[in-house]
**Student:** 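Can you keep this structure in mind? I'll have questions shortly.
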Amino acid sequence: MKRESVESASVELSVRVPSPGGDLMLSHPVLPASGTFGYGEEFEPFLPPGTFSAIVPKSISVESRPGNPPPRAIETPSGLLNSIGLQNPGLDLFVSDYLPRLQRYGVPILVNVVGKNIEDYCTVVEALEGQELIRGYELNVSCPNVKEGLRFGLDPEATAALISAVREKTSGVLMAKLTPNVTDIAEHAVAAQSAGADAISLINTVRAMSVDWRQGRSRIGTDTGGLSGPAIRPIALRMVWEACQAVDIPVCAIGGISSAEHILEFVSVGASMVQVGTHLYREPTCLPEILRELQELLAKEGICHLDELRGTFGGLSDRLPERSRPVP
Amino acid sequence: MKMPVESCHVGEYNILEHTDLGEGWFRIDIDAPEIARETRAGQFVQVRVGPGDDPLIRRPFSVYDVGPEPGENATEIRLLIQKAGPGTEALSRLRKGESIRLMGPLGHPMPVPDLKSPAAMFLVGGGIGVAPLYLYCRERLKEGSTLPLKVMLGARRESLLIGHQGFQDLGIETYLATDDGSAGHQGNVIELLDQQLGSLSEGTQVAGIGCGPHGMNLALRDIAVERDLEFWISLENYMPCGFGACFGCVIAGPSDGPLRYRRVCVEGPCFPAKELPETF
C-alpha cells in the first residue's frame with residue numbers, strides 16, 4: 001500500500017538497543033564494520049569519525065597480535081578476500097594509545113573483542129568497563145582467518161557459554177558477531193539471545209579461497225580467507241532474515257552494504273542497524289550521502305520511522321519446514 | 001601513529017588529456033587542483049575504476065607529475081599507467097572530457113636527504129616505477145636544490161623505457177639499461193648502479209631512492225644493505241583502502257627485530273632499505 005510522502009527532515013532514523021544497564025540510543029542505524037574502520041584515526045582525513053552513530057574499532061585481544069603473513073588481500077568478482085589475522089596492538093596499548101582518541105569522537109564505542117578462550121574475552125571486557133563512552137562490546141566469535149577464530153562461532157553451546165560468562169562482567173550492550181559459516185544461523189542467534197546477548201551482528205566474512213593453479217598456491221598468505229563485499233550481500237540478507245525470525249533482540253546487518261537501498265532491504269527483513277565495511281575502503285566519505293538518501297527514500301514512501309519498515313518483508317514462510325529450535 | 005595526511009580529498013574530476021604511449025602505457029592528466037597542490041613526490045592517489053562493483057577496489061597510482069608546476073599553483077594530476085589487468089584496462093579507455101574518481105593525496109612523500117658535497121643522489125626506476133621519480137626531480141629543480149641527481153632507468157627493451165626523455169629534457173643526468181641492449185647499458189639497472197657506485201670519487205656521500213618491480217627492489221635492498229648506503233625503496237603493494245584502515249598491504253619489519261607488519265600505505269610507501277627484510 002502506497003502511503004503519502006512526508007518531509008524527509010521529519011523522518012526519524014534513531015535506534016534503541018536495550019541492555020541491562022539501560023538503553024543505548026543511536027542517532028541513526030549506520031555503524032562501521034569492525035576490521036574495516038581501523039581505530040578511527042585512519043578516517044580522520046575524510047570525515048569526523050563520530051558521523052557514524054557508534055564506533056566499532058578493529059578487534060582487540062589481551063595480547064598484541066602481529067597478524068597473518070602477506071599477501072593479505074585479493075580482489076575477487078565483486079568481492080574482497082582477506083586474511084588479516086586480527087593484527088592488533090593488544091589491550092594495554094589500546095587503552096593507553098587508542099582509546100583516548102576514540103573517545104574524542106563523542107559517540108558510543110562498541111569494542112570488538114576477540115580471544116583464545118573465555119578468560120581472554122572476560123579480561124578485555126573487565127579492563128574496559130567504566131571507560132568513558134564504552135557502551136558495550138561486540139564479541140567476535142567468527143573470525144575465519146585465525147586458528148581459534150571459529151572455536152566459539154561454529155558451536156552454539158560454546159557461543160552461549162562465552163556470552164554468559166561475559167554477561168557477568170558487564171551491564172553494557174553485548175552484541176555477538178556471528179559467522180555465516182554454519183548450516184542453521186537461527187540456532188546460533190537463539191543461543192546468543194538465550195545466553196544474554198542484547199543484540200547480534202551478522203554476517204562476518206564467508207570462508208572462501210582463491211588459487212593460482214599454475215603455481216599451485218593460494219593468492220593470499222593463508223590457504224583460505226574471508227570474503228566480503230557486494231558478492232556476499234545476498235547471503236547476508238538471507239541469514240539476517242532467518243536470524244530476525246528467530247530472535248527478538250536487535251539485529252545488526254553486515255555484508256556488502258553500500259547504499260541506502262541496501263540498508264532498507266535489510267531493515268525490511270528485520271534488521272535494526274547495519275554496519276558498512278568493505279565499501280568504506282573505496283568511498284570513506286560515503287556516510288552523509290547514505291543518511292540523506294535514507295531519509296529521502298523513507299520520506300518518499302511516507303515512512304516516518306525505521307520501525308514502521310522493520311520486518312515488513314512478508315516472505316513465504318509457510319513453505320519453510322517446521323522445526324524446533326533447541327535452546328542450549 | 002601519525003597519519004601521513006591530515007586531509008584527503010575524495011571526488012570526481014575531469015580528464016584533461018589522455019595520451020597513448022604505446023606498449024600498453026598511457027598517461028592521463030586530470031583537473032584536480034585541491035589534490036594537485038597538496039601532492040608531493042612519492043605520494044599516491046587511489047583511483048576508482050568505475051561506478052559498479054566489479055572491479056570493486058580502487059587502484060593505487062603514484063603521481064607521475066603535477067601541472068603546470070609542483071607546489072601551490074598546481075592544478076593538474078598526471079598519472080602514468082601500464083595496462084596490467086581489468087582495472088587498468090578500463091582506465092585506458094577513459095578519454096578527455098570524461099570523469100574519474102580520485103582519492104588523495106595518500107602516503108608519505110619521498111625523503112629529501114641532506115647530503116654534503118661531494119655527493120650523489122641516485123634515483124633508480126624500473127618499468128612503471130619511473131612514475132614518482134619524475135615528480136621528485138621536478139620538485140627539486142623548482143626549489144633550486146643542489147642535490148646531484150642521477151637517474152637510472154631500466155627496462156626489457158628501449159620501447160619499454162617510458163618517460164626517460166622527460167628526465168633528459170629537465171637536464172638531469174640520466175643513465176639507461178635494457179636487457180637486450182637496445183638502449184644504454186645491456187643488462188639490468190642494478191648492474192648500472194653498481195658501475196656508477198664504483199666510479200664515484202672517494203668520500204662521496206651517497207643516497208638513493210628506488211622504485212621498480214619486485215626483483216629490482218630486492219636487489220636494490222641487498223646492495224644498499226651490503227654497502228651500508230642510505231637508500232629508500234618505494235613499494236607498490238595491493239592496497240584495499242590505501243589509508244591504513246584495512247591492514248591489507250603490509251610488509252614485515254626488519255629481519256632482526258620481533259615480527260611486526262607495517263602498512264605500506266600509511267607507514268610508506270617509501271621505506272629505508274635497511275629496514276626491509278631479506279625478502280618482502
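Convention: sequence-line order gives letters A, B, ...; per-chain numbering from 1. This one's a predicted model, so the numbers in the text were calculated from it and none came from an experiment.
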**Student:** A quick test of your reading: do over 12 heavy atoms of other residues, nucleotides or ligands sit less than 6.0 Å from CD of B:E278?
**Tutor:**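 No - once you tally the heavy atoms of other residues, nucleotides and ligands closer than 6.0 Å, there are 12 at most.
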**Student:** So which heavy atom on A:I84 is nearest to which on B:C246, and how close?
**Tutor:** CD1-O, 3.4 Å
**Student:** Around atom CZ of B:R156, are there more than 12 heavy atoms from other residues, nucleotides or ligands closer than 6.0 Å?
**Tutor:** no
**Student:** Compare every heavy atom of B:Y238 with every heavy atom of A:A73, then report the nearest pair and how far apart it is.
**Tutor:**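 Closest heavy-atom pair between A:A73 and B:Y238: O-CD2, 3.4 Å.
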**Student:** Given A:R282, which of B:V49, B:D53, B:V10 fulfils the side-chain contact (heavy atoms from CB on, under 4.5 Å) condition?
**Tutor:**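 One option only clears the test, and that one is B:D53.
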**Student:** Measure distances from A:P69 to the heavy atoms of chain B and classify the residue's part below 4.5 Å as side chain, backbone, both or neither.
**Tutor:** both
**Student:** Please find out if less than 6.0 Å separates the ring center of B:F243 from that of A:F46.
**Tutor:** yes
**Student:** Answer yes or no: are there more than 12 heavy-atom neighbours, outside A:E261 itself, under 6.0 Å from its atom CD?
**Tutor:**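 It does not: A:E261 CD has 12 such atoms or fewer within range.
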**Student:** Please rank A:R101, A:E41, A:H279 by heavy-atom pairs under 4.5 Å with chain B and give me the top one.
**Tutor:** A:E41
**Student:** Could you report the tightest heavy-atom contact between A:S78 and B:D54, atom names first, then the distance?
**Tutor:** OG-CB, 3.6 Å
**Student:** Looking at A:G229, A:G67, A:P284, A:G35, which one has more heavy-atom pairs under 4.5 Å with chain B than the rest?
**Tutor:** A:P284
**Student:** Might you point out which heavy atoms bring B:P240 and A:L80 nearest each other, and give the distance in Å?
**Tutor:**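 What the structure gives for the nearest pair is CB-CD2, 4.0 Å.
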**Student:** For A:Y98, is it the side chain, the backbone, both, or neither that has a heavy atom closer than 4.5 Å to a heavy atom of chain B?
**Tutor:**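 Neither; nothing under 4.5 Å.
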**Student:** For a side chain to side chain contact (heavy atoms under 4.5 Å, CB included) check, start with the C-alpha distance between A:Y281 and B:M239, then their side-chain angles and the critical distance, and finish with the verdict.
**Tutor:** CA-CA 9 Å; A:Y281 296 160; B:M239 292 176 186; over 6 Å; no
**Student:** Quick check on the structure: residues of residues 203-221 of chain A within a heavy-atom distance below 4.5 Å of chain B, by number.
**Tutor:**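 When heavy atoms of chain B are the reference, residues 203-221 of chain A contributes no residue within the under-4.5 Å range.
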**Student:** Can you say whether A:N68 sits under 4.5 Å from chain B via the side chain, the backbone, both, or neither, judging by heavy atoms?
**Tutor:**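 Answer is backbone: N, CA, C or O of A:N68 sit under 4.5 Å from chain B.
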**Student:** Against chain A, label B:Q46 side chain, backbone, both or neither, depending on which of its atoms sit under 4.5 Å from a heavy atom there.
**Tutor:** neither
**Student:** Is the number of heavy atoms from other residues, nucleotides or ligands within 6.0 Å of NZ (B:K274) greater than 12?
**Tutor:**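 Count over threshold, so yes.
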**Student:** What's the separation between atom CZ in A:F43 and atom SG in B:C8, rounded to the nearest 0.5 Å?
**Tutor:**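 Spacing of CZ (A:F43) from SG (B:C8) equals 11.0 Å.
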**Student:** Which atom names give the shortest non-hydrogen contact between B:A245 and A:E42, and what distance separates them?
**Tutor:**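 For B:A245 and A:E42, the tightest heavy-atom pair comes out as N-CG, 3.8 Å.
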**Student:** Given 3.5 Å as the limit, does a donor-acceptor pair link the side chain of A:E75 with the main chain of B:L56, or not?
**Tutor:** yes
**Student:** Quick check on B:R262 against chain A: is it the side chain, the backbone, both or neither that has a heavy atom closer than 4.5 Å?
**Tutor:** neither
**Student:** Take atom CD in A:E265; do more than 12 heavy atoms of anything else shown fall under 6.0 Å from it?
**Tutor:** yes
**Student:** Quick one: what part of B:R260 sits under 4.5 Å from any heavy atom of chain A, side chain, backbone, both or neither?
**Tutor:**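 Neither the backbone nor the side chain of B:R260 comes within 4.5 Å of chain A.
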**Student:** Given a strict heavy-atom distance threshold of 4.5 Å, which part of B:P258 is in contact with chain A: side chain, backbone, both, or neither?
**Tutor:**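 Contact with chain A involves no heavy atom of B:P258 at all.
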**Student:** Let me know if A:P71 has heavy atoms under 4.5 Å from chain B in its side chain, its backbone, both or neither.
**Tutor:**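 Contact with chain B: none, neither part.
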**Student:** Please lay out, stage by stage, how B:M103 and A:E283 fare under the test side chain to side chain contact (heavy atoms under 4.5 Å, CB included).
**Tutor:** CA-CA 9 Å; B:M103 183 199 296; A:E283 298 296 344; 5.9 Å; no
**Student:** Kindly confirm or rule out a cation-pi arrangement of A:R72 over B:Y261, judged by NZ or CZ under 6.0 Å from the six-membered ring centre and within 45° of its axis?
**Tutor:** yes
